[in-house]
Amino acid sequence: MRYIGITTNGTVLIEMSVDEWNRVGQTLPTVELLGEQVRAHRAIWRITQTEMAERAGISRNYLSLIESGKIANISLGILSSLQDAMALP
């Protein structure tokens with residue numbers, strides 16, 4: 001996976017192989033990788049941090065910290081909520 005950049009409207013651009021894409025859901029991610037995955041899903045669905053946070057049942061500030069990799073420990077409940085939120089169209 002390679003981070004490419006962010007567009008002027010805030011869309012995150014990430015390049016990855018099909019194998020990397022398939023592995024994304026199969027491993028417990030590091031905090032940094034989790035943040036990248038959340039940003040990538042938001043970009044795919046074209047939703048704001050506020051919308052994603054509402055879907056996951058967390059604050060926008062907490063989601064921002066997760067996306068930036070600044071959260072050392074995340075509970076399984078939050079991970080489950082984020083997973084559910086990222087599955088919604």
Side-chain angles (χ1 to χ4, degrees):
M1 183 180 324
R2 185 170 70 98
Y3 174 78
I4 304 215
I6 299 177
T7 64
T8 55
N9 69 354
T11 301
V12 175
L13 302 174
I14 297 174
E15 178 182 63
M16 65 179 77
S17 69
V18 171
D19 290 338
E20 287 173 318
W21 180 256
N22 290 330
R23 275 196 319 264
V24 165
Q26 297 175 0
T27 60
L28 185 62
T30 63
V31 173
E32 292 82 14
L33 181 57
L34 175 64
E36 290 174 12
Q37 291 172 350
V38 172
R39 275 193 309 273
H41 276 81
R42 281 197 315 102
I44 290 166
W45 297 119
R46 297 176 189 243
I47 61 174
T48 65
Q49 280 186 335
T50 301
E51 291 168 319
M52 178 66 85
E54 287 173 358
R55 290 179 180 195
I58 60 176
S59 72
R60 191 211 54 84
N61 288 339
Y62 192 68
L63 180 64
S64 177
L65 291 172
I66 291 170
E67 287 189 359
S68 63
K70 295 180 181 175
I71 297 292
N73 296 303
I74 300 173
S75 73
L76 290 176
I78 297 293
L79 286 174
S80 178
S81 295
L82 283 170
Q83 181 180 11
D84 292 345
M86 289 188 293
L88 293 173

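With hydrogens and angles disregarded, no donor-acceptor distance shorter than 3.5 Å links the side chain of Ser80 to the backbone of Leu76.
Here the side chains of Leu79 and Leu34 are in contact, with some heavy-atom distance below 4.5 Å. At least one side-chain heavy atom of Met86 sits under 4.5 Å from a side-chain heavy atom of Met52. At least one side-chain heavy atom of Leu82 sits under 4.5 Å from a side-chain heavy atom of Ile66.
We find the CD1-OG distance between Ile71 and Ser64 to be 9.0 Å, quoted to the nearest 0.5 Å. One distance of note links CD of Glu67 with CD of Gln37; it measures 11.5 Å at 0.5 Å rounding. Between the CD1 atom in Ile58 and the CD atom in Gln49 there is a gap of 9.5 Å [rounded to 0.5 Å]. With rounding to the nearest 0.5 angstrom, the OH atom of Tyr62 is 5.5 Å from the CD1 atom of Ile78.
For Glu54 and Arg60, the salt-bridge test fails: no basic side-chain N is under 4.0 Å from an acidic carboxylate O.
Here the closest non-hydrogen pair linking Ser81 and Ala56 is CB-O, 3.2 Å.
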